[in-house]
Amino acid sequence: MHPAMYEEERVDFGGHHPLQVKLCFSLTAGDAIQPGEESSLDFKDLSFSAAPLIKTPPPGPKSQAYLAYQSSHEGSTVSYSKGMPMAIERAKGSTVEDVDGNLYIDFFGGAGVMNVGHSNPTVVQALMRQVGELTHALDFPTPSRKLLIEKLSRLLPKQLSRLSFGGPTGSDAVESAVKLAKYNTKRQPIIAFEGSYHGMTAGALSLTSGRHFREPFLPLAPEVHFVPYAYCYRCPFNRTPDKCHLECAEYLDHVLEDPHSGVGKPAAIIVEPMQGEGGSIVPPAQFLPKIRQICDKHDVVMIADEIQVGFCRTGKMFACEHTETIPDVVTMSKALGGLGLPISGIAYQERLNTWPAAQHIGTFRGNVLAYAAGAAALDFMVETNLADHALRLGERMLSSLKELEAASRVVGEVRGKGLMLGVEFVKDKATKEPWPEGAGRVRSTCHRRGLLIEIGGHYNQVARFLPPLVLTDELAAKGLAIFMDSVQEVERLL
Ligand SMILES: Cc1ncc(COP(=O)(O)O)c(C=O)c1O
């Protein structure tokens, strides 16, 4: 994003940072990993140094007891503990300890929440200070609320001058963004993208594309239309990157232009600048600016969902910065609460600030503890130049994964930006038939060996990495070695 688009005191993320890492990954499974001479020492102290360490293959006896209790007392909808069966005792930096004393390298990051690392000491300190002072204040101004707003305002594009905190989940930020667009435009239709994930509350679920999530609950909000995202590996227009004219965006333009497209003039287009749950998909650089142009051309509110990709995840404070795109509304959550403290919010342009008091409310409209933790986390991100660290470490990891893509029969594509990476599994590279069972097995194998990863993608066929951004070169290399060994092992099954 152009620096002039920011407040003057905005921190510059351009330069080198002191925690620069040098990484030398070994591709051959089982080979010694060779971290480079320089290492991210300061971050190293944040994690358990002994990780990975599997004392008893998970789930160990204590985990089993917790899991049995969970399955007999909690609703059957719990899911993560089914994919990675264990009970968690504590976590530090980019490492996690289960109740049986197993230590894992965390490439999962609490589903992309723990950007500054688990139990980040400076954030814990700020949180503990706040706990004794005030913990709940609805939407009254408080010192910590003001502090977080001030810090966010410096980091967001200056056009997004209004901030509004909502309920504790990202879904609620999506709800409020859509309500804001509908309120301002007096229109109903919303356009979302294939592969999108915007949350599970009824309104947000209406914008989430996965059939598995939607179908049991139909009908959802009416007048939501899905158009293709720039998912180039599976381009529905059968283009290859060298022959791509952004047909997906052109098609969206056509849908809005043609009076017989069957789609009414929308209030908003909601887009993930890079798709997360859809499979760590990075669209071509022109895609987001093109969506911006289309929104301007048709007078439609552009909502960028930064819930997963925001806060340094992709190598910029916000993912829209990669293409200098200024949306009308940005949704935020996940890493906003610093250590997983629940909070969500939207930032939006002044002209949309028309709605009256109490138009989007709830008991928890913000969270005092999350303001304090979030403000401290933003300081940490800026002071350590965490975005730059994520960008460079991500590049190195991706280049190792590219070698895996070339060498493996079942890795169709690796992709990503910063520390949001994806490895797509296929049964056959020529047909690209998805291999969700393979992805699931890789996750289980990684878990047993001391690495936590996420699964996503249209067919649940993508292994996803969303590590805490304080991941060190050493842990990244060790984690990748476990991942590559696991891929090799699982590949033999096909
Ligand atoms: C892009 C995006 N939007 C919205 C959400 C929903 O957030 P939450 O799960 O906190 O409701 C998510 C969650 O993964 C997400 O990745």
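Just so you know, ligand 1 is whichever comes first in the structure, and atom 1 is the first atom listed for that ligand.
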Residue, atom name and distance, where the atom is the protein heavy atom closest to [atom]:
atom: atom 2 (C) of ligand 1; result: Y197 O, 3.2 Å
atom: atom 11 (O) of ligand 1; result: S171 OG, 2.6 Å
atom: atom 16 (O) of ligand 1; result: Q308 NE2, 2.9 Å

- [ ] Would you verify that at least one protein heavy atom lies under 4.0 Å from atom 9 (O) of ligand 1, or report that none does?
- [x]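 It does not: no protein heavy atom is found less than 4.0 Å away from atom 9 (O) of ligand 1.
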Task: D305 and ligand 1 - part of the residue with a heavy-atom distance under 4.0 Å - done: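 The side chain, only.
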TODO: Would you mind reporting whether V414 and L421 have side-chain heavy atoms less than 4.5 Å apart?
DONE: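 No - every pair of side-chain heavy atoms lies 4.5 Å or more apart.
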Does this structure show an ion pair linking [X] with [Y], if we count only N-O contacts that are shorter than 4.0 Å?
X: E437; Y: R441; answer: no
X: D253; Y: K290; answer: no
X: K432; Y: E424; answer: no
X: E277; Y: R464; answer: yes

Task: Expected output: side-chain S164 to main-chain I346 donor-acceptor under 3.5 Å - done: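 Pair absent, no side-chain N/O of S164 close to backbone of I346.
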Open item on the list: Under a 3.5 Å distance rule, please check whether Q275 uses its side chain to pair with a backbone N or O of E194 as donor and acceptor.
Closed with: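 Looks like yes, one N/O pair under 3.5 Å.
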Heteroatom distance test ([X], ligand 1): nitrogen or oxygen, under 3.5 angstrom:
X: E272; value: no
X: S333; value: no
X: G170; value: yes

TODO: Using non-hydrogen atoms of the residue, decide whether K334 is closer than 4.0 angstrom to ligand 1.
DONE: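 The answer is yes, since K334 has a heavy atom less than 4.0 Å from ligand 1.
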